[in-house]
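Report on the structure given below.
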Amino acid sequence: MISDEQIAKLYDDYLEFTGNQAVKYPAAAVASIMLAQSLAIYRAIMTEDDYQALLVRIGDDKIPTPSLITKKHTLQ
């Protein structure tokens, strides 16, 4: 199992990477690549029913997201 500290480190490292990519490429392009890769990973590890439930939940916008404003890189 991954620890809270490891999750925080992974989050920060990934945010830094994507922030750097958003400097080189349009932020919308970076976000669309992230979304496509995320959904591909979820689809590979979840049952079809769980994957569809995730898509519904995402579509309902009920998943809290941390503010990017307080992070080193913003995706503006």
Side-chain angles (χ1 to χ4, degrees):
M1 190 54 124
I2 189 166
S3 71
D4 290 345
E5 293 81 19
Q6 290 171 312
I7 290 287
K9 173 89 169 98
L10 176 60
Y11 181 91
D12 289 343
D13 289 350
Y14 197 78
L15 185 62
E16 182 174 356
F17 173 78
T18 54
N20 289 333
Q21 296 309 302
V23 170
K24 296 189 257 182
Y25 305 102
V30 175
S32 66
I33 297 293
M34 291 169 55
L35 179 60
Q37 290 178 340
S38 297
L39 291 175
I41 293 168
Y42 280 129
R43 182 164 238 159
I45 64 172
M46 297 175 111
T47 67
E48 186 62 24
D49 287 343
D50 288 344
Y51 178 75
Q52 292 301 322
L54 175 69
L55 294 180
V56 168
R57 186 165 182 203
I58 291 170
D60 288 344
D61 195 26
K62 294 180 182 174
I63 298 175
T65 54
S67 172
L68 297 176
I69 295 170
T70 61
K71 296 296 181 179
K72 179 180 175 184
H73 296 285
T74 61
L75 301 178
Q76 299 176 8

### Summary
Rounded to the nearest 0.5 Å, the CG atom of D13 sits from the OG1 atom of T18 at a distance of 10.5 Å
### Message
Return the CG to CG distance between L54 and D49, rounded to the nearest 0.5 Å.
### Response
12.5 Å
### Query
So how far is it from N20 CG to E16 CD, rounded to the nearest 0.5 Å?
5.5 Å
Please tabulate, for the side chains in residues 26-45, all donor-acceptor contacts under 3.5 angstrom to protein atoms that are two or more places apart in sequence or on a different chain.
unit_1 : atom_1 : unit_2 : atom_2 : d
S32    : OG     : A28    : O      : 3.3
S32    : OG     : A29    : O      : 2.8
S38    : OG     : M34    : O      : 2.8
R43    : NH2    : E48    : OE1    : 3.4
R43    : NH2    : E48    : OE2    : 3.1

